[in-house]
Amino acid sequence: MQLKLSASRLPLAPLLLIAPFFLWGTAMVAMKGVISHTTPLFMAGVRILPAGILILIAAAIMGKPQPRGWAAWLWIVLFALVDGTLFQGFLAEGLVRTGAGLGSVMIDSQPLAVALMSSWLFQERIGLWGWLGLLLGVTGISLIGLPDEWILGIFSHPTLALSHFLGQAQGTLGQAQGAAPTLPLLDSLFQSGEWLMLLAALSMAVGTILIRFVSRYADPVTATGWHMILGGLPLWAISSVTESQQLPNLVASDWLALAYATVFGSAIAYGLFFYFASRGNLTSLSSLTFLTPVFALLFGNLLLKEILSPLQWGGVGLTLISIYLINQRDSLAGASKNESVPEQIITKQQQPVLETSGKKLNSLTVPVRESEPKILP
């Protein structure tokens with residue numbers, strides 16, 4: 001696979017590669033009931049700031065070096081602003097303004113942005129099979145996250161489906177405005193939560209790219225911990241000014257869900273993800289993000305008895321196929337090229353023979369000088 005990282009020396013490397021996306025998917029399920037009992041920015045800060053402290057403790061135990069020099073801290077601060085504050089803030093605000101299914105689809109479509117930026121910045125080859133896999137992945141998560149009536153309506157009544165989509169978006173926006181206060185600036189700029197989810201996806205994609213530059217000046221594990229702390233502080237600061245009633249409505253089960261999202265869904269998941277992102281192929285690694293809604297869906301089916309529709313099962317199948325195509329794109333492209341190589345080799349080998357046989361042999365004249373006869377004694 002394309003993800004032949006230095007992590008292959010680690011035990012259970014394939015499971016570690018998939019672990020972040022499994023943890024993110026199950027954390028989404030755990031957080032479903034929490035967001036209605038607290039405020040979005042406070043919850044976003046709880047997810048990442050304590051997780052950053054845990055990562056730094058683990059990094060100290062493993063003997064990881066701390067960042068040194070202004071260049072290292074400059075990249076970490078930029079990393080914290082984009083992937084910490086902006087991503088988590090846009091995600092939390094977007095979740096209360098749009099449906100969970102549509103939000104998941106928009107967030108998990110960020111491998112497209114990662115692929116484009118990786119191709120431009122790091123010359124990562126995507127190719128035909130890679131683009132086909134990305135297209136199938138977006139189609140698969142759309143079948144998983146979007147309501148069935150929307151998808152079926154697109155093929156039967158496109159105009160009616162669009163009107164229904166806009167009506168649902170306006171309805172979720174009105175409910176979110178009545179449920180919890182949000183940032184006035186964001187309310188004035190974005191009338192729909194879908195824009196916030198799109199910005200969250202782009203922020204995560206840029207954060208995935210930035211870890212390559214951060215790791216040139218600092219250890220990726222330590223940098224991940226600091227970026228979560230520095231990114232979480234502004235979220236709590238903004239929450240203290242613009243939000244209220246963050247704690248009174250939380251019950252014991254909510255704190256357990258927050259603890260799971262912090263330890264497993266943030267500390268472990270982000271630590272592993274950015275460690276791999278600093279070393280491996282970003283397009284291939286990011287494609288595994290398509291697994292996040294798959295795990296969320298299957299986890300909800302097993303534990304919450306949620307029923308999967310035929311379209312959702314089809315989305316799961318397309319998602320798995322897309323990940324295979326993206327991670328095997330070089331092998332598939334190489335196999336298709338090798339089929340024509342023998343013919344080319346034979347043609348090149350026969351060409352000199354054919355050219356030689358087609359040429360006429362020119363006569364060669366050798367001058368001979370007559371010598372005088374000599375009498376031997």
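No hydrogens, no waters, no symmetry mates; every other heavy atom, side chains included, goes into these values. The chain is numbered in sequence order, starting from 1.
- When every heavy atom of Phe274 is checked against every heavy atom of Gly207, the shortest pair comes out as CE2-O, 3.9 Å.
- The side-chain contact (heavy atoms from CB on, under 4.5 Å) test applied to Leu54 returns Val263, Ala267, not counting sequence neighbours.
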Query raised in the report: So Gln245 and Thr39, side-chain contact (heavy atoms from CB on, under 4.5 Å) or not? Walk me through it.
Result: CA-CA 7 Å; Gln245 302 294 317; Thr39 55; 5.7 Å; no
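- For the pair Gly232 and Leu49, the tightest heavy-atom approach, listed with the atom from each and the gap, is C-CD1, 3.7 Å.
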Report task. Decide yes or no on side-chain contact (heavy atoms from CB on, under 4.5 Å) for Thr38 and Leu247, but give the supporting numbers first. Result -> CA-CA 6 Å; Thr38 185; Leu247 297 175; over 6 Å; no
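- Annotation: Phe264, atom CZ; neighbour count of heavy atoms from other residues, nucleotides and ligands within 6.0 Å does not exceed 12.
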Show me the side-chain donor-acceptor pairs of residues 56-83 shorter than 3.5 Å, one per line, residues at least two apart or across chains.
unit_1	atom_1	unit_2	atom_2	d
Gln66	OE1	Trp226	NE1	2.8
Asp83	OD2	His227	NE2	2.9

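- Ring planes of Phe21 and Phe273: perpendicular class, angle over 60° (limits at 30 and 60°).
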Query - Worked verdict on Met228 versus Ser266 for side-chain contact (heavy atoms from CB on, under 4.5 Å) - result: CA-CA 9 Å; Met228 298 178 81; Ser266 294; 3.8 Å; yes
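- Applying the 6.0 Å contact sphere to OH of Tyr260 captures more than 12 heavy atoms from other residues, nucleotides or ligands.
- Counting all heavy atoms, side chain and backbone alike, Gly137 lies closest to Thr319 at O-OG1, 4.4 Å.
- Hydrophobic clustering places Leu16 together with Ile18 (ILVMFWY residues linked when any side-chain heavy atoms are closer than 4.5 Å, directly or through intermediates).
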